[in-house]
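Note that these values count all heavy atoms, side chains included, but never hydrogens, waters or copies made by symmetry. All residue numbers in this chain count up from 1 along the given sequence.
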Amino acid sequence: QAHLVESGGGLVQAGDSLRLSCAAFGPTSRTYTFSWFRQAPGKEREFVAGITWNSNTDYADSVKGRCTILRDNEKNTVNLEMNRLKPEDTGIYYCAARAGPLRYNADSYNYWGQGTQVTVSS
């Protein structure tokens with residue numbers, strides 16, 4: 001069973017950049033799809049960015065052009081680089097993995113990290 005650990009969150013100002021990292025432990029497959037979701041207070045968990053085994057990517061419209069998701073299969077890591085951060089990017093960011101193609105709903109993912117808090121002040 002895969003175990004995911006996120007890191008890199010913090011308190012930043014609007015316009016700043018941040019890199020989130022997800023380390024995957026256990027029998028993760030190089031064919032897994034990894035995605036980042038976020039959850040703001042009082043809101044549902046939403047898709048942010050995803051990357052397939054062969055590095056096809058997709059992004060939520062709200063972050064397109066500001067975020068880049070990258071994977072390193074040798075190191076079993078998936079990073080999310082976020083630029084020009086906005087207060088509405090605030091939330092807990094979760095790394096998730098599934099065996100199969102990219103999906104946008106959280107229920108489709110079998111493995112989750114504990115989350116890392118990102119707070120963007122205006």
Side-chain angles (χ1 to χ4, degrees):
Q1 187 168 349
H3 179 56
L4 308 178
V5 178
E6 304 97 334
S7 61
L11 172 63
V12 297
Q13 292 186 331
D16 285 351
S17 298
L18 206 59
R19 174 185 290 183
L20 304 183
S21 294
C22 173
F25 302 93
T28 54
S29 169
R30 293 187 177 186
T31 62
Y32 277 26
T33 289
F34 286 85
S35 290
W36 286 93
F37 287 79
R38 68 185 178 193
Q39 188 164 19
K43 295 187 177 182
E44 293 187 355
R45 196 169 296 189
E46 64 175 359
F47 172 84
V48 177
I51 187 165
T52 63
W53 68 274
N54 57 347
S55 293
N56 288 325
T57 60
D58 202 4
Y59 301 89
D61 288 342
S62 59
V63 304
K64 201 166 289 185
R66 299 189 296 120
C67 289
T68 303
I69 186 170
L70 298 167
R71 68 187 294 163
D72 185 331
N73 286 334
E74 295 300 321
K75 297 181 179 179
N76 281 340
T77 58
V78 178
N79 292 336
L80 181 67
E81 298 182 358
M82 302 188 293
N83 300 307
R84 303 191 303 279
L85 284 162
K86 305 175 181 180
E88 50 263 44
D89 293 319
T90 293
I92 301 174
Y93 282 69
Y94 297 92
C95 178
R98 69 185 304 273
L102 179 63
R103 292 287 185 266
Y104 302 95
N105 56 310
D107 291 345
S108 296
Y109 289 77
N110 307 99
Y111 307 108
W112 290 87
Q114 81 288 351
T116 185
Q117 177 72 46
V118 172
T119 303
V120 184
S121 63
S122 57

- Query: Is the backbone N or O of Phe34 less than 3.5 Å from a side-chain atom of Tyr111, with the two atoms forming a donor-acceptor pair by type?
  - Reply: no
- Item | Straight-line distance of Asn110 CG to Arg98 CZ, nearest 0.5 Å | 7.0 Å
- List the atom of Cys95, the atom of Leu4, and the distance in Å for their closest heavy-atom pair. O-CD1, 3.6 Å
- Shortest non-hydrogen pair, Tyr94 vs Arg45, comes out as CZ-NH2, 3.5 Å
- Task: Go through the steps to decide whether Ser55 and Arg71 satisfy the test side-chain contact (heavy atoms from CB on, under 4.5 Å), and finish with yes or no.
- Result: CA-CA 7 Å; Ser55 293; Arg71 68 187 294 163; 3.9 Å; yes
- Between the CE atom in Met82 and the CG atom in Asp16, the distance rounded to the nearest 0.5 Å is 11.0 Å
- Task: Show your reasoning for whether side-chain contact (heavy atoms from CB on, under 4.5 Å) applies to Val120 and Glu88.
- Result: CA-CA 8 Å; Val120 184; Glu88 50 263 44; over 6 Å; no
- So, for Thr68 and Tyr59, which heavy atoms are closest and what is the spacing to 0.1 Å? CA-OH, 3.4 Å
- About how many Å separate CD of Gln39 and CD of Glu46, when rounded to the nearest 0.5 Å? 9.5 Å
- Query: Taking the side chain from Arg84 and the backbone from Gly65, do they hold a donor-acceptor pair closer than 3.5 Å?
  - Reply: yes
- Message: Determine whether a donor-acceptor pair (N or O, by modelled atom type, separation under 3.5 Å) exists between the side chain of Thr52 and the backbone of Thr33.
- Response: no
- In one Ile/Leu/Val/Met/Phe/Trp/Tyr side-chain cluster, 4.5 Å: Tyr109, Trp36: no
- Write down the atom of Leu102, the atom of Ser35, and the distance for their closest heavy-atom approach. CD1-OG, 3.4 Å
- Item | Closest contact, heavy atoms only, Thr90 versus Gln117 | CG2-NE2, 4.1 Å
- Item | Spacing of Asn105 atom CG and Glu44 atom CD [to the nearest 0.5 Å] | 11.0 Å
- Item | Test: Lys86 and Asp89 ion pair at under 4.0 Å | no
- Query: What closest approach, in Å, do Asp58 and Phe47 show between heavy atoms, and which atom pair accounts for it?
  - Reply: O-CZ, 3.7 Å
- Message: I'd like to check the side chain to side chain donor-acceptor pair (under 3.5 Å) partners of Gln13; sequence neighbours left out, ordered by chain and number.
- Response: none
- Measure the shortest side-chain to side-chain distance between Arg38 and Ser62 over non-hydrogen atoms and say whether it is less than 4.5 angstrom. yes
- Query: Just by distance, do the side chain of Glu6 and the backbone of Thr116 share a donor-acceptor pair under 3.5 Å?
  - Reply: no
- Message: If hydrophobic clusters are built from ILVMFWY residues whose side chains come within less than 4.5 Å, do Phe37 and Tyr104 share one?
- Response: yes
- Query: Can any side-chain N or O of Ser21 pair as donor or acceptor with the backbone N or O of Val78 at less than 3.5 Å?
  - Reply: no
- Query: Can you tell me if CH2 on Trp112 sees more than 12 non-hydrogen neighbours from other groups inside 6.0 Å?
  - Reply: yes
- Message: To the nearest 0.5 Å, what is the distance between SG on Cys22 and CG on Asn79?
- Response: 8.5 Å
- Query: Is there a chain of hydrophobic side chains (I, L, V, M, F, W, Y, each step under 4.5 Å between heavy atoms) that links Ile92 to Leu80?
  - Reply: no
- Roughly how far apart are Phe25 CZ and Asn76 CG, rounded to 0.5 Å? 8.5 Å
- Message: Taking NZ in Lys43 as the centre, count heavy atoms belonging to other residues, nucleotides or ligands within less than 6.0 Å. Is the count above 12?
- Response: no
